[in-house]
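Below is one structure; the comments refer to it alone.
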Amino acid sequence: MSKRNLTLLTDLYELTMMQGYYERGQNEKVIFDVFFRQNPCNNGYSVCAGLDQVIDYIKNLSFSYEDIDYLRGLGIFKEDFLSYLAGFHFSGDIYAIPEGSVVFPKEPLVKVIAPIMEAQLVETAILNIINHQSLIATKASRVDYAAGGGVMEFGLRRAQGPDAGTLGARAAVIGGCTGTSNVLAGELYGIPVQGTHAHSWIMSFPDELTAFRTYAKLYPDACILLVDTYDTLNSGIPNAIKVFKEMREAGIPLTFYGIRLDSGDLAYLSKKAKKMLDEAGFPDAVISASNDLDETLIASLKMQGAAINSWGVGTNLITSKDCPSFGGVYKLAAVLDKNSGEFIPKIKLSENAEKITNPGDKTIQRIYDKKNGKIIADLICFVDETFDTNEPLLLFDPISTWKKTLLQPGTYTMRELMIPVFKDGVCVYDSPKVMDIQKYCKQEMNTLWEESLRLEYPHRVHVDLSDKLWKVKNELLDSYHHNMDGSKQE
């Protein structure tokens with residue numbers, strides 16, 4: 001998954017546009033923003049992930065001889081353009097919000113500042129990487145919130161291929177999972193690997209008790225027994241208890257032990273199992289559950305009083321089954337004027353107000369309540385804007401502008417979210433380890449109000465525009481509101 005050349009992981013039209021720019025001698029510096037318009041799963045927030053893979057992609061961005069030969073064989077690229085590609089390297093700047101951050105619609109997650117041919121080429125791969133991992137990290141965060149912790153990612157065999165399974169496991173751990181069943185992900189990213197055994201283990205022995213005893217002998221320090229191969233209440237749990245008693249009588253420490261349920265009424269069976277384990281003297285035994293779980297089912301099981309404290313979540317997490325795409329887009333925000341040396345803001349229009357882009361060279365200021373550290377709002381602004389928290393700050397909804405909030409001096413704090421990742425083509429950012437990103441993500445989750453965390457109908461965090469950005473945006477809208485011949489369009 002690492003150190004791979006993904007240069008041709010792009011849509012054909014990126015290359016055909018590049019050739020068009022090349023033919024015209026058009027390679028001015030531009031700014032593109034990566035952002036999304038709606039949180040997945042109707043969530044109150046998203047978790048951004050994938051930046052480390054974007055860095056790896058940019059570092060390895062170069063066309064091999066085989067790549068050039070393949071493109072030549074398509075018959076649509078001229079030799080002088082192919083010669084340009086043969087010497088291609090990324091020379092621009094990239095800014096981004098760090099992985100594990102909670103983020104909201106319309107704000108730039110990644111900003112690319114580069115000559116337009118370079119910026120155009122990297123669009124597809126950056127979107128592919130950020131969209132996938134941010135989707136899975138967000139889904140994992142929802143599942144972890146519903147479970148209250150203790151979620152294991154078990155989805156490799158149901159993922160859409162090795163990359164999705166392995167990078168998805170990475171993103172799931174960033175979002176809150178305690179570990180993964182994916183051993184390759186464990187090796188590549190230094191995340192805990194977890195697992196028990198399958199029904200086939202039980203079925204390969206003469207009887208269930210012998211299978212349990214053999215497994216316990218092999219793995220006394222991590223003895224989680226799958227109890228539903230035959231009869232959960234009348235066979236599986238009693239045999240597991242018998243093995244636990246034998247281990248205790250033999251002086252084997254029961255450090256991490258318990259049962260796993262993979263079928264049946266999980267609420268009913270877990271409560272019965274808890275009672276049986278408690279009465280047998282094993283009140284601290286783990287009761288793990290799997291079987292097509294997601295955040296909705298986990299929340300329902302907990303409402304029913306299920307005695308489950310460990311959750312194996314597979315298909316619905318690794319595929320984000322109910323919401324299979326993140327919806328991130330890559331839009332032009334500014335073009336450098338050669339004469340003035342300043343970026344000229346650009347805007348994309350739409351009849352749908354949500355699809356009108358925010359122009360210019362931007363960053364995000366996150367505003368916190370000074371008393372409790374909770375997020376009040378995010379403010380998208382120009383990079384050259386400064387703010388003084390000892391002054392009042394007026395926030396307003398960029399569409400429904402009559403909705404306003406005046407923050408009093410000294411009641412709020414601010415933090416800029418975007419950080420430099422590449423400068424002049426050189427990486428200037430060291431990605432943290434995945435488990436450190438997970439810790440950061442948990443800190444980020446603590447900045448959200450409970451109302452924004454609920455699974456259904458969450459409170460939406462406000463993403464506002466600075467007064468200066470709002471005015472520039474509306475000036476551009478007004479200028480385009482006049483048609484080409486100068487007459488005003490209503």
Side-chain angles (χ1 to χ4, degrees), residues 143-154 176-179 181 192-203 205-314 317:
V143 173
D144 181 70
Y145 174 74
V151 176
M152 300 171 285
E153 187 282 307
F154 279 0
C177 288
T178 60
S181 65
V193 290
Q194 302 167 327
T196 55
H197 59 81
H199 293 106
S200 58
W201 172 268
I202 308 294
M203 296 164 65
F205 286 83
D207 57 77
E208 186 177 57
L209 183 58
T210 302
F212 284 174
R213 282 172 172 159
T214 305
Y215 192 84
K217 186 176 180 180
L218 284 168
Y219 307 107
D221 295 331
C223 186
I224 304 295
L225 303 175
L226 182 59
V227 296
D228 68 336
T229 304
Y230 302 121
D231 188 325
T232 301
L233 297 179
N234 296 314
S235 173
I237 297 174
N239 281 330
I241 290 173
K242 185 176 293 186
V243 170
F244 299 151
K245 286 181 176 178
E246 292 171 354
M247 293 174 70
R248 187 164 59 188
E249 290 168 0
I252 299 172
L254 294 171
T255 52
F256 184 73
Y257 74 104
I259 65 168
R260 178 162 74 97
L261 301 166
D262 190 49
S263 61
D265 189 323
L266 297 178
Y268 173 79
L269 291 174
S270 67
K271 287 184 281 188
K272 286 288 188 180
K274 176 64 174 171
K275 183 178 179 182
M276 294 167 71
L277 288 162
D278 285 354
E279 290 176 348
F282 301 103
D284 58 345
V286 171
I287 300 178
S288 179
S290 49
N291 189 25
D292 287 334
L293 298 173
D294 62 11
E295 66 270 39
T296 303
L297 180 52
I298 289 173
S300 176
L301 289 169
K302 294 190 73 173
M303 286 181 64
Q304 297 167 58
I308 300 167
N309 51 22
S310 177
W311 309 84
V313 186
L317 169 54

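Position 1 is the first residue of the sequence, and the numbers go up from there.
Residues meeting the salt bridge (Lys or Arg N to Asp or Glu O under 4.0 Å) test with D228, sequence neighbours left out: none. Residues satisfying the salt bridge (Lys or Arg N to Asp or Glu O under 4.0 Å) criterion with K271, sequence neighbours excluded, are absent altogether. Looking at residues two or more places apart in sequence or on another chain, you find a side-chain hydrogen bond (donor to acceptor under 3.5 Å, both in side chains) between E208 and S235, N239. For D284, there are no salt bridge (Lys or Arg N to Asp or Glu O under 4.0 Å) partners two or more places apart in sequence or in a different chain.
Applying the salt bridge (charged side-chain N to carboxylate O under 4.0 Å, His left out) test to every pair with at least one member in residues 295-304, sequence neighbours left out, gives these pairs: K139-E295, R142-E295. Within the structure, salt bridge (charged side-chain N to carboxylate O under 4.0 Å, His left out) contacts touching residues 236-264 (residues at least two apart or in different chains) are R213-E246, R260-D262.
Residues V286 and S310 approach most closely at CG1-CB, 3.8 Å, considering heavy atoms. Nearest heavy atoms, L301 versus A267: CD2-N, 3.6 Å. A285 and G258 make their closest contact through CB-CA, 4.2 Å (heavy atoms, listed as atom of the first residue, atom of the second, distance). Listed here is the closest heavy atom pair of A240 and V227: CB-CG1, 4.1 Å. Closest of all the heavy-atom pairs between K274 and P283 is NZ-O, 2.8 Å. Nearest heavy-atom pair across L297 and D292 is CD2-O, 3.9 Å.
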Problem set entry | side-chain contact (heavy atoms from CB on, under 4.5 Å) assessment of S181 paired with M152 | CA-CA 8 Å; S181 65; M152 300 171 285; over 6 Å; no
For this session: Could you go through the side-chain contact (heavy atoms from CB on, under 4.5 Å) check for F282 and L254 one step at a time?
Result: CA-CA 9 Å; F282 301 103; L254 294 171; 3.6 Å; yes
Exercise. Where do D294 and V313 land on the side-chain contact (heavy atoms from CB on, under 4.5 Å) test, with the steps shown first?
Worked result: CA-CA 7 Å; D294 62 11; V313 186; 5.6 Å; no
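Each of I308, I298, V143, L317 was compared with L293 under the side chain to side chain contact (heavy atoms under 4.5 Å, CB included) criterion, and only I298 meets it.
Separation of atoms OH (Y219) and CG (L225) is listed at 12.5 Å; rounding is to 0.5 Å. Taken to the nearest 0.5 Å, the CG atom of L266 stands 10.0 Å off from the OG atom of S288. Rounding to the nearest 0.5 angstrom, the gap separating the CD atom in Q194 from the CZ atom in F154 is 6.5 Å. Separating the OG1 atom in T232 from the CE atom in M276 is a distance of 9.5 Å, to the nearest 0.5 Å. Within the model, atoms CZ of F244 and OH of Y257 stand 7.0 Å from one another, a figure rounded to the nearest 0.5 Å. In this structure, CH2 on W311 lies 10.5 Å from CD1 on I287, to the nearest 0.5 angstrom.
More than 12 non-hydrogen atoms from other residues, nucleotides or ligands lie less than 6.0 angstrom from OH of Y230.
The aromatic rings of F212 and H197 sit tilted, their planes meeting at an angle between 30° and 60°.
Between the side chain of T178 and the backbone N or O of V151 there is at least one donor-acceptor pair closer than 3.5 Å. Of the possible polar contacts, one joining the T214 side chain to the T210 backbone as a donor-acceptor pair under 3.5 Å is found. At distances below 3.5 Å, not a single donor-acceptor pair connects side-chain atoms of D144 with backbone N or O atoms of C177.
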